[in-house]
Protein chains: 2
Amino acid sequence: MSFLVKNSPCFQVLPQPSLRIGKSERTRAAILNSALDFLWAHPFRDMTVQSLMTPTGVSRSAFYRYFKDLHEVMEALLSMLNEEALAVTGPWFEGTGDPIALFNESLAAVVEVCYRRGPILRAIDDAAATDNRLEKVWAQFFRQFDDAVTLRIEAEQSQGLVPNLDARTMAIALNRLNVYSYIEAFGQRPRSKPEPVCEALNRIWISTLYGSEWLGKESSNLVRT
Amino acid sequence: MSFLVKNSPCFQVLPQPSLRIGKSERTRAAILNSALDFLWAHPFRDMTVQSLMTPTGVSRSAFYRYFKDLHEVMEALLSMLNEEALAVTGPWFEGTGDPIALFNESLAAVVEVCYRRGPILRAIDDAAATDNRLEKVWAQFFRQFDDAVTLRIEAEQSQGLVPNLDARTMAIALNRLNVYSYIEAFGQRPRSKPEPVCEALNRIWISTLYGSEWLGKESSNLVRT
DNA sequence: CACTAAAAATGACATCGTGTCACTTTAAAG
DNA sequence: CTTTAAAGTGACACGATGTCATTTTTAGTG
């Protein structure tokens, strides 16, 4: 899931069948690409094993050599998405520097990722409703961000930047706000423009955590140092 | 869906088989009650036609006399939930009176409804992912609140109470915030306590729309009159 | 009470996607 | 070229769905 390359109509797992890797790896990647292609144009509920294997030219039953079932495919896509999201939110979670500026940056980057992967994000959420195991992994994905945001809020609270509130409850609410705003806006094509969504989320987070007087500003070294 | 009566383990459609109504109506209500009972203890993905009919003592195939499929059952439950939610949010949507006080009241009431119906709410969202028609009805449910909140924000803006922002985008984001916070907190048992959720949502809405200086206050007639 | 027509309920069946399995084909290494 | 493990295949059993012809029940009527 590392080497991602731009390809029509969406980012693919492997650019072209590389001869340097085993046949097994190539077929597995082909299936994942099938899934990305399929979900770009259809909802998860219409996905069947057949629909993923036909484009690969391999028989349906071969699918089960690579994945336990369709949900395991979705789990692979989720782990891909998770990598992309973490890569981009890391800076804010570490959190050395101007908190508001850092947040703005991270938010914009994560919105970009979810815009680009919108239909996949939606498909994962849909699929999680139909499978126990995937549901757990999806919940873990959320919890990971819940934990990080909770820590961040508590850190800011200890500096007096954020008022006294139940950090975890707030983190959970704000993360649901974001993910389901992404799914709503970017989950099915034609997708909404990302900028207004980013702006709205930014406004909500900043005014809730720091107060509305900080909107559109960086917190500057006045407060921080 | 009008006469709702408290009954273990959750609110039922009909208290006891009334002899005043036709057999057909009674069986239909029995199926809906089966669904409420089932979803109180199991996720939607485990629901089958059989699982709804066994408790009624009627054969599986009789189900199709009353509903096209399981999703039509969920549609009926959604319309029930919709009634309950509208009844409680109406006052805020009409919006004559102190806006912040009215909002507090409506929010608390809607949180109570979603707490009481948590597992059902979750089941509807899950089911919507697996059926085109239900997905549309569910989207309409959201749109109805998106429209109402948008109007309300615009009304406040024209009075100078709420800053200039994209009202619709904000309404969509805030509604997703609420519904998916409810689903997260109340969607599966054991459910979280409703009060902290209510408090967090209140904080987010108020500080985003009116500014953090209004937290915990009513806007009073100073501003309004 | 008996009769009848419509409503309600039933069991059997065809369908569809799933997951498994015994078997065949392929391809890489000696 | 041979060997052996990996990759791929077709056929099958399963489970849930939705339909249908048929039977049972119910409610109204003479």
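Heavy-atom basis, side chains included; hydrogens, waters and symmetry copies ignored. Quick note on labels: first sequence line is chain A, next is B, and so on, each numbered from 1.
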[X] has an atom [atom1]; how far is it from atom [atom2] of [N], in whole Å?
X      : N      : atom1 : atom2 : answer
A/F63  : D/dG10 : CZ    : P     : 18 Å
B/R28  : C/dA7  : CZ    : P     : 17 Å
B/Y64  : C/dG11 : OH    : P     : 15 Å
B/H71  : D/dT17 : NE2   : P     : 10 Å
B/R26  : C/dA9  : CZ    : C1'   : 14 Å
A/D131 : C/dT18 : CG    : P     : 13 Å

Are [X] and [Y] close enough for a salt bridge, meaning some N to O gap below 4.0 Å?
X      : Y      : answer
A/E84  : A/R116 : yes
B/D166 : A/R203 : no
A/K136 : A/D131 : no
B/E135 : A/R45  : yes

Tell me yes or no: between the side chains of A/E75 and A/S79, is some donor less than 3.5 Å from an acceptor? no
[X] side chain, from C-beta outward: closest of [options]:
X     : options                : value
B/S61 : D/dA16, C/dG11, C/dG19 : C/dG11
A/L70 : C/dT18, C/dT10, D/dT17 : C/dT18
A/T48 : C/dA9, C/dG17, C/dT20  : C/dG17
B/A62 : D/dG8, C/dT18, C/dT10  : C/dT10

If each of B/R65 and B/D69 is mapped to the nucleotide of DNA chain D with the nearest heavy atom, which maps nearer the 5' terminus, i.e. the 5' end?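 Taking each residue's closest nucleotide, the earlier one in sequence belongs to B/D69.
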Which part of the nucleic acid, if any, lies within reach of B/F67 when heavy atoms closer than 4.0 Å are counted: base, sugar-phosphate only, or nothing?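 No contact.
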Quiz question: going by heavy-atom distance under 3.5 Å, is there a donor-acceptor pair between the base of D/dG18 and the side chain of B/R60?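 Side chain to base: pair present.
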So does A/Y66 get a side-chain nitrogen or oxygen closer than 4.0 Å to the phosphate oxygens (OP1/OP2) of D/dG8? yes
Check this one for me: any side-chain N or O of A/T27 less than 4.0 Å away from OP1 or OP2 of D/dG8?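 Yes, A/T27 has a side-chain N/O under 4.0 Å of OP1/OP2 on D/dG8.
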